[in-house]
Peer 1: 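Once you've had a glance at the structure underneath, I'll fire off some questions.
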Amino acid sequence: MSNINDLYNQVLRDHRNYPRNKGLIEGYRSLHAKNPSCGDDVTVQIDIKDGIIKDVRHDGTGCAICCSSASAMSEVLIGKTIEEANSIIKDFYELIKGTLPTDEDRLGDAIVFVNIHNFPPRIKCATLSWRAADTLLNTDETGEKDV
Amino acid sequence: MKEILNIKNDFPVLVNNKDLVYLDSGATSLKPYCVLNKMDEYYTKYGVNVNRGVYDLSYQATDEYEKTREVVAEFLNCDSREVVYTKGASNGLNMLALSIGYNMINEGDEIITSELEHHSSFLPWQQIAKNKNATIKFVPLNDEGRITVENFLKVLSNKTKVVCLTHASNVMGYVTPIKEIIKEAHKVGAIVIVDGAQSVPHIKVDVKELDCDFLAFSAHKMLGPTGFGLVYGKYNILSKIKPVEYGGDMIEEVYKDSSIYKEAPYCFETGTPPIAEAIGFSEAIKYLNNIGFDKIESHVKDLTDYCLDKLSTIEGITIYNKTTDVGIITFNINNVHPHDASAILNEDLICVRAGHHCAKLITSWLGVNSTLRACLYIYNTHEDVDKFVESIKRCVEYFKEW
Ligand SMILES: Cc1ncc(COP(=O)(O)O)c(C=O)c1O
C-alpha cells in the first residue's frame, strides 16, 4: 500500500518552497503547457548555445508535484547536451512508470518521483514540465500547448 | 445522529465500498439497484432495437422506451410531446443553441448568459455569437456571486433574443431566481433556456410554473444512467425549431430532393438511442418521487448546514459559498493546491472534485485557478460529513509545515 509520504517527501517540499531557476527570462524560447483538466499551468524556457543547454527556466501555478518537478528538471538539464537531455527525459518517462534508470544519479532530485506510479492521477502533474522541455528540444514549437 | 434519509444500502457502489465517502454527486450521482435491474431486464429479456421491428419484442422495447417519456412528462408537469431524448445536458444545450442560434439569431441580436454557467451552457452561444455577429451579455453577479433579477434587468433589452442561464450553479450551488427572470425575459419576447443539470436532481422543477421555454438536464446526475438526458421544450416553440441532426427514425418521407421530418419531439431524435438508459431512467424518477423532493431538500439542507458548521471551525480553509442552496460546497485549503489536498482526501477514501469544474468563468470570478468541491446528496450521512471534516483537518495539519 502506497503511503502519502512516499509522494510528499522532503526533497519535493524543498523544491516546492525554494524553487530553483524559477522566473522567466525575456528572449528565451519558451513553451506554455497546461493541463486543462486540473489547472496546472507552467511555462518552460530553454536557452541553448553550441548544442549545450545553458539555462532552463520555469514559471507557473500548479500543485506541489507539478511545481517541484519543474524545479528539479531545470537543475538536471542545465549544462547537458541536447542528446544527454533527451536521454535524461527518457529516463524520467520510465521512472514515472516505476522503473529506475541504470544511472540513478543522472536524474538528480527528480528521482523522488519514482513512487508517482502509485498515484496514477498525479502522473500528469509530474510530467507536465518535462513534456514541455521535450517539445522545446525536439520541435520548433513555441507558445501555447495543452499537454 | 438522526438521518432524514438512510438509504446507502440501495446503492451498490456504497455497498461494495463500505468505507467510501462519496461527495462527488455534482459530477455524477451513484445509481440505485432498481435502475440497474431495470436496465438488466431490458438487456436480458427484450434487448432489441426500438421503433423498427414489427415483432413482439421490438414492440415491448419501444413501449418501455416510450414509457419514460410519460414518466418524465409527469415529473416535469408537461406533455410527453414536449420531452426530447438527448445524450445528456451538454448534448441538449448544444442542440438548442445550434437550432435556435442558426435559425433565429441575427446580427446585432443579444444573448444573455452569466459567469456562473457550465461550459456546455456558455460555449455553444459564444460560438453562435461569433458566427452571427450577435452580442453576448453577462448578467453581472452580485457580491455573493449570485444572479439576481435586479442585475438581470440591467442587461435585458429589446435586442435580447435568447436567455440561457443555469438554474443551479455547479460550483456555487446557488439557485437562480429563474421564474422571475423568465417573466421579465418574456416581456421582450426572448426565448429562455434553463440549464437544469444541477437543479432537477435537488429541487422540484415544474416547467409550467417556471414557464421556461426550454429546460435541459442529464439522467446521470439524478440516479439515472450515463449517456442519456432530456430537453423539455414548450410545444409551440419546439414544433417550430429545426432539427440539427438528420438520419434514421426522424423522417416521415424521403425523396431525392427533399424530405419530410416527423413532428416534435421525434424529429430531434435520430439514430439508435441509449435504449437501456432511457428505460432505466424511469426507475430513477420513481425512486426520487418515492422519497419525495421535500424530504430530499431537507435531508441535503440538514447535512449541508451540519457540514458548513463544522468546516467553519477549521482555521486555514476558505469557503466560497457559505450560502449554497443545493448541497454544493466549494472551498480551498489556504496555500494548498486542490490536487495536493485531494491526495490526502483520496487516501482517506473521500471522493471530491478538484479543478475548475467545467466552469472557468466562475473560478476566474472567484480569483482562483481551481477549487475543491464537495457535494452532498441523498445517500450521504452525518458520518460521511464527520469523516470528510476529519480528513480536511488532517490535510490542513499535513501541509501546515509546507
Ligand atoms: C450546471 C451543469 N450544466 C451542464 C452540465 C453538463 O452535463 P453533462 O456532462 O451530463 O452533459 C453539468 C455537468 O457537469 C452541469 O453541472
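Every chain is numbered from 1, with letters handed out A, B, ... down the list of sequences. Heavy atoms only: backbone and side chains are in, while hydrogens, waters and symmetry mates are out.
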Peer 1: Under 4.5 Å, heavy atom to heavy atom: which of residues 359-377 of chain B reach chain A? Give them by number, or say none.
Peer 2: Asn369(B), Ser370(B)
Peer 1: Of the backbone (N, CA, C, O) and the side chain (C-beta and beyond), which part of Arg16(A) lies under 4.5 Å from a heavy atom of chain B, both, or neither?
Peer 2: side chain
Peer 1: With a cut-off of 6.0 Å (strictly less than), are more than 12 heavy atoms of other residues, nucleotides or ligands near CD of Glu383(B)?
Peer 2: no
Peer 1: How long is the straight-line distance from CD of Glu347(B) back to CZ of Phe119(A), given to the nearest 0.5 Å?
Peer 2: 7.0 Å
Peer 1: So which residue, Ile65(A), Asn17(A), Asp40(A), ends up with the most heavy-atom pairs under 4.5 Å with chain B?
Peer 2: Asn17(A)
Peer 1: Given salt bridge (Lys or Arg N to Asp or Glu O under 4.0 Å), test Arg122(A) with Asp340(B) step by step and report yes or no.
Peer 2: CA-CA 9 Å; Arg122(A) 310 307 297 282; Asp340(B) 295 323; 3.0 Å; yes
Peer 1: Sort Cys67(A) into side chain, backbone, both or neither according to what part of it lies under 4.5 angstrom from a heavy atom of chain B.
Peer 2: neither
Peer 1: Could you state the interatomic distance from OH (Tyr8(A)) to CZ (Phe399(B)), rounded to the nearest 0.5 Å?
Peer 2: 4.5 Å
Peer 1: If every non-hydrogen atom of Cys63(A) is compared with every non-hydrogen atom of His339(B), which pair is closest and at what distance?
Peer 2: CB-CB, 4.0 Å
Peer 1: Specify the closest pair of heavy atoms between Ala343(B) and Ile4(A), including all atoms of both residues, with the distance to one decimal.
Peer 2: O-CD1, 3.4 Å
Peer 1: Is the number of heavy atoms from other residues, nucleotides or ligands within 6.0 Å of NZ (Lys87(B)) greater than 12?
Peer 2: no
Peer 1: Would you find more than 12 non-hydrogen atoms of other residues, nucleotides or ligands less than 6.0 Å from Asn5(A) atom CG?
Peer 2: yes
Peer 1: Looking at Asn335(B), I'd like to know if its CG atom is crowded, meaning that more than 12 non-hydrogen atoms belonging to other residues, nucleotides or ligands lie closer than 6.0 Å.
Peer 2: no
